[in-house]
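Just so we're on the same page: letters track the sequence lines, and every chain starts at 1.
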Protein chains: 2
Amino acid sequence: MVLSNAKGSIPLYMQIKDLLVARVTEGEWVPGDIIPSEMQLARELNVSQGTVRKAITELVENNVLVRRQGRGTFVATHDGDRALFHFFHIVNDNGTKILPESKTLSCRRKRASRQEASKLNLSSGAQVVCIDRIRILDNQPTLIETIILPAELFGDLGQRQARNLPNTLYELYETQFGITIHRADEQLRAVAATDRDASLLGLEAGSPLLEIARTALTLDGTPVELRISRCSTSKHYYQNAVF
Amino acid sequence: MVLSNAKGSIPLYMQIKDLLVARVTEGEWVPGDIIPSEMQLARELNVSQGTVRKAITELVENNVLVRRQGRGTFVATHDGDRALFHFFHIVNDNGTKILPESKTLSCRRKRASRQEASKLNLSSGAQVVCIDRIRILDNQPTLIETIILPAELFGDLGQRQARNLPNTLYELYETQFGITIHRADEQLRAVAATDRDASLLGLEAGSPLLEIARTALTLDGTPVELRISRCSTSKHYYQNAVF
DNA sequence: CATTTAAAGACTTATATAAGAGTTAAGCTA
DNA sequence: TAGCTTAACTCTTATATAAGTCTTTAAATG
């Protein structure tokens, strides 16, 4: 890529931002990597350090990069707390975040339904990995999750033993498949518990459940996971803060 | 306020940020006002323009200020689309935002319940204004709202005729009462429709509804509105994007 | 002469560069 | 281990140019 500072062109710092994003999405830098220092990048790109800084600052705000004073700037990883809580909005009644445990029910391959294929930008009938699991909060089964992944990207996940699946899948996606979830769009509805829901969660059939239909995207906007969670909200709720 | 640049003190730009916020919260500048230019503020505060700029930049990101190139920097207003959509997450099935109409059922004063008083930081038994209304989306009654406001801040709202209430209350709060909603915390649950819910929304009693319990806060963190929305999600859903 | 149009200037934010002092973390050396 | 050195980000100041908005002035037009 060539930078341009001609009149009327896109600002330099934005071009640099795009360039840095490209290096991440193309795998030149992977999560956890340290990137060159601001001075190194400035020299390489023939701009001033301040311009590089502005580009990096915006990427830090977007959770793409992480700065550590005295050490350097790193590609953000989604391990630890971030993996667990950044995309997890269920808290218990007194508002405290809780560590969910997971019990995988099944993990198998199948053909994508039309809707699934459409939402994941797959050709109709493409193979997907389908994971069913229950999440336990405060020792109570609270959430039923169905996860759909393109088999193309998550090849051997379909053959894996269900028990081998870790609690924090997004960490697994990142470390095992090089796929970093960067954004999620969620659609929330209230639905009635099916018989299966009811028996898994220990409720009456027809009880109201909170259904969260999530599409998770990578940094370049590719949808790579569908996740439908049906959640009992008698002891927990979905927390959202709007600024 | 005195700025300090001593070793170990809070960075200047943050102190300036606080100072600017204070001028807004104390009403020295009100929404829509233009604030002094970066150069003027820099001279007044004895710092460089770049430092003022950094403070302003963060406040723009927080939706406190708005920049208009060639004109100046203004205190953000919540009129127009922002008032309507920034805090409104219900969209219809194909994902398009819709303009909700409102039908006010009642608007009266009463004593705050314990929970209400606690959430609004009021002394127990303080007067509150209580608004009941229905919101119509796509010509279908979809949402039942109950709104609780401290009477102390919204004095004459309780005496107002119900029909005089506009659709976008947050605009009214700002223009009539000088209260700008800056942030909202929402707690979402699935609940069963009561008989009243059911008859108002034209559903069966016991149907699952999405309940959104919102606490709305001003810039300085004071809670000034409680709002409980019970929403039929058969034709609509709650949309949330996480980055 | 009155009105419209165009140019100029002033002011503001936006972008870019440069430089120095401060803070933090890691590794090396004694 | 204690202290030093180095390298990185952080904060602040300074300066210059670009670009957008508005007002004033001047010119052109009818």
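With sequence neighbours excluded, the residues satisfying side chain to side chain contact (heavy atoms under 4.5 Å, CB included) with A:Asn121 are A:Pro223. Under the rule for a ring pair (Phe, Tyr, Trp, His ring centres under 6.0 Å), B:His236 has no partner lying at least two apart in sequence or in another chain. Considering only residues two or more places apart in sequence or on other chains, B:Tyr13 meets the ring pair (Phe, Tyr, Trp, His ring centres under 6.0 Å) condition with none of them. The ring pair (Phe, Tyr, Trp, His ring centres under 6.0 Å) check on B:Phe88 picks up nothing, with sequence neighbours excluded.
Between B:Ile16 atom CD1 and D:dC11 atom P there is a gap of 13 Å when expressed in whole angstrom units. Between the P atom of D:dT13 and the CG atom of B:Leu45 lies a distance of 10 Å, rounded to the nearest Å. One can place CZ of B:Arg53 at 15 Å from C1' of C:dT17, the figure rounded to the nearest angstrom. Between the CD atom of A:Gln49 and the P atom of D:dA8 there is a distance of 12 Å, rounded to whole Å. Rounded to an integer number of Å, the gap from A:Leu41 CG to D:dA7 P is 17 Å. Between B:Met39 atom CE and C:dT12 atom C1' there is a gap of 11 Å when expressed in whole angstrom units. As rounded to whole Å, 12 Å separates atom C1' of D:dC9 from atom CD1 of A:Ile35. The separation between B:Gln40 atom CD and C:dC11 atom P is 10 Å, rounded to whole Å.
For the pair B:Arg189 and A:Tyr238, the cation-pi criterion (under 6.0 Å, within 45° of the ring axis) is not fulfilled. A cation-pi arrangement is present between B:Arg68 and B:Phe74, with the terminal nitrogen or guanidinium carbon under 6.0 Å from the aromatic centre and inside a 45° cone about the axis.
Residues of residues 55-79 of chain A having a heavy atom closer than 4.0 Å to DNA chain C, listed by number: A:Gln69, A:Gly70, A:Arg71.
Each of D:dT12, C:dA16, D:dC9 was ranked by its minimum atom distance to the side chain of B:Ser48; first place goes to D:dT12. Listed nucleotides: D:dT13, C:dT13, C:dT17. Nearest to the side chain of B:Ser37: C:dT13.
One finds no side-chain N or O of B:Lys54 lying less than 4.0 angstrom from the OP1 or OP2 phosphate oxygen of D:dT12.
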Check: residues 22-32 of chain B side-chain donor-acceptor pairs under 3.5 Å, at least two apart:
residue: B:Arg23; atom: NH1; partner: B:Glu44; partner atom: OE2; Å: 3.4
residue: B:Arg23; atom: NH2; partner: B:Glu44; partner atom: OE2; Å: 2.7
residue: B:Thr25; atom: OG1; partner: B:Val21; partner atom: O; Å: 3.3
residue: B:Thr25; atom: OG1; partner: B:Ala22; partner atom: O; Å: 3.1

